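See structure below.
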Number of protein chains: 2
Amino acid sequence: MSLKLAVLALLDVEPGSGYALLQRFRNSVGFFWQTTHQQLYKELHGLLENGLVDCLDVAQDGKPDKKVYTLNAAGATELDTLLAGVASPSKIRDPLLLKLFSGRRLPREALLAELATHREQHKRTLATYRLLHEQMQAMPPGKRERYHFPGQTLRLGIMYEETWLKWCEEVAGEI
Amino acid sequence: MSLKLAVLALLDVEPGSGYALLQRFRNSVGFFWQTTHQQLYKELHGLLENGLVDCLDVAQDGKPDKKVYTLNAAGATELDTLLAGVASPSKIRDPLLLKLFSGRRLPREALLAELATHREQHKRTLATYRLLHEQMQAMPPGKRERYHFPGQTLRLGIMYEETWLKWCEEVAGEI
DNA sequence: CCAGCCATGTAAATCGTTACATGATTGC
DNA sequence: GCAATCATGTAACGATTTACATGGCTGG
């Protein structure tokens with residue numbers, strides 16, 4: 001149900017083609033809900049079948065044709081219904097911890113190498129989030145207001161990455 | 001592949017029936033990898049078919065019969081192979097953030113109520129983790145050593161829950 | 001007597017990943 | 001020429017969730 005919610009939420013902001021939606025996905029809701037183009041196109045087909053979105057074929061020259069999807073009234077109602085439902089708190093689901101659980105079976109260098117890789121990844125992601133956060137801070141008040149709620153999610157992202165980063169460093173020092 | 005890794009890791013510690021493994025699952029690897037009894041039983045069938053575990057029927061009186069699974073040499077090799085593979089860093093995947101992204105469509109009280117629910121959940125989980133951590137600290141050094149790596153995963157769990165808790169409180173104050 | 005623990009499974013549905021597939025245009 | 005961007009899809013497989021199913025024993 002969450003992918004549906006994510007797509008409706010994106011269409012609520014602005015109509016777009018599957019391709020365009022995927023770009024926007026990656027730079028917004030994608031930070032806390034991932035998908036692929038295959039899944040997204042399938043979801044859009046489903047939404048269209050259920051009459052929650054309208055679809056318009058748009059011919060372009062120099063580029064392939066595209067299908068622009070728009071949220072309609074039924075879709076907006078569905079979005080509100082989904083938003084009204086409860087979201088269960090997410091739990092950690094991470095293969096690295098699974099490996100660490102059996103860490104005594106692995107050579108220390110292998111573990112350290114993997115921790116280093118993860119540390120770098122989290123560092124990069126953190127840098128991305130911080131950049132976005134700065135850009136948001138730099139917006140004029142009127143525009144910044146529109147990003148109030150997305151901004152809260154970004155803040156969690158920053159705290160989340162900081163936590164992982166700190167942990168990677170601490171564990172590397174302890175094993 | 002991760003469920004397989006989790007089950008092999010548990011069997012590496014100690015043999016057990018599907019039912020017993022599920023109990024242990026919930027109190028160890030279940031903190032960072034969730035499963036259901038259906039999935040676990042299916043996985044055990046698969047491991048047996050592939051000759052990675054041995055199975056012994058054990059009749060009990062007053063209780064249903066059970067099947068005790070033991071990791072064999074092939075299983076241990078497979079475990080090491082899986083451990084040697086890379087684990088990709090996990091990303092956030094949380095429906096609450098998805099809802100918050102479209103927070104402007106929801107009444108403030110609904111959001112606050114949901115945040116409060118999540119705060120309580122994270123508080124409870126944190127308390128559980130801290131209790132386990134204390135129990136580990138109280139162990140005699142010889143025993144505590146055996147929990148060195150699982151203890152590192154527990155520490156992430158504590159940091160993770162603290163982060164969410166802090167975020168829930170901050171966001172509740174800002175919306 | 002009812003709830004909960006012990007112990008195992010089948011089946012269906014949904015969701016998610018990976019592989020395969022096409023084809024024009026733009027910039028280096 | 002080659003890679004990247006734009007734009008859309010099918011198919012197979014694997015993972016996960018939810019529902020259905022059984023049945024004895026124990027404690028309040």
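Because the structure is a prediction, the values reported are computed rather than measured.
The nearest whole Å value for the distance from the CG atom in L47(A) to the P atom in dC15(C) is 12 Å. Distance E43(A) CD to dG9(D) P: 14 Å, rounded to the nearest Å. In this structure, K42(B) places its NZ atom 13 Å from P of dA12(C), rounding to the nearest Å. With rounding to whole Å, L44(B) atom CG is found 9 Å from dT8(C) atom P. Counting to the nearest Å, the C1' atom of dT8(C) and the CG atom of L22(B) are 12 Å from each other. The CZ-P distance, from R24(A) to dA7(D), rounds to 14 Å in whole Å. Summarising the geometry, the separation between CZ on R26(A) and P on dT5(D) is reported as 12 Å, rounded to the nearest angstrom. As rounded to whole Å, 15 Å separates atom C1' of dT16(D) from atom CG of L3(A).
Within 4.0 Å (heavy atoms only), K67(A) reaches sugar-phosphate atoms of the nucleic acid but no base atom. If you check every strand for non-hydrogen atoms under 4.0 Å, T35(A) touches nothing. Among the heavy atoms of the strands, none lies under 4.0 Å from S2(B).
Of the candidates dG16(C), dA11(C), dT10(D), dA11(C) carries the atom nearest the Q38(B) side chain, counting heavy atoms from C-beta on. Residue Q23(A) has its side chain nearest to dC6(D) when only dT18(D), dC6(D), dG16(C) are considered. Taking the side chain of Q39(B) as heavy atoms from C-beta on, and the options dA7(C), dG9(C), dT17(D), the nearest nucleotide is dT17(D). Distances were taken from every side-chain heavy atom of P64(B) (C-beta onward) to each of dG23(D), dA21(C), dG16(C); the shortest belongs to dG23(D). Here dC6(C) is the nucleotide among dT16(D), dC6(C), dA15(D) with the atom lying nearest to any side-chain atom of K63(B). Distances were taken from every side-chain heavy atom of T36(B) (C-beta onward) to each of dT8(D), dT17(D), dA21(D); the shortest belongs to dT17(D). Of the candidate nucleotides dT8(C), dT16(D), dT8(D), dT16(D) has the atom nearest to the side chain of R93(A).
Here the two rings, on Y129(B) and F31(B), have centers that are under 6.0 Å apart.
Partners of E174(B) by salt bridge (charged side-chain N to carboxylate O under 4.0 Å, His left out), not counting sequence neighbours, listed by chain and number: R155(A).
In this structure, Y41(A) does not reach the dG9(D) phosphate: none of its side-chain N or O atoms is under 4.0 Å from OP1 or OP2. Phosphate proximity of dC6(C) to Y19(B): present, with a side-chain N or O under 4.0 Å from OP1 or OP2. Put simply, Q60(A) has a side-chain N or O that comes within less than 4.0 Å of OP1 or OP2 on dA7(D).
The two residues T35(B) and L40(B) make their nearest non-hydrogen contact at OG1-N, 4.2 Å.
Listed for the R93(A) side chain is a donor-acceptor partner under 3.5 Å among the backbone atoms of Q34(B).
Between the side chain of H45(B) and the base of dG9(C), no donor-acceptor pair under 3.5 Å is found.
Crowding of K166(B) atom NZ: a count of heavy atoms from other residues, nucleotides or ligands under 6.0 Å not exceeding 12.
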Does K4(A) form a salt bridge (Lys or Arg N to Asp or Glu O under 4.0 Å) with E78(A)? I'd like the steps, not just the answer.
CA-CA 10 Å; K4(A) 189 177 178 183; E78(A) 178 70 8; 2.9 Å; yes
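DNA chain C is contacted by both M1(A) and H37(B); H37(B) maps to the nucleotide lying nearer its 5′ end (nearest heavy atom per residue).
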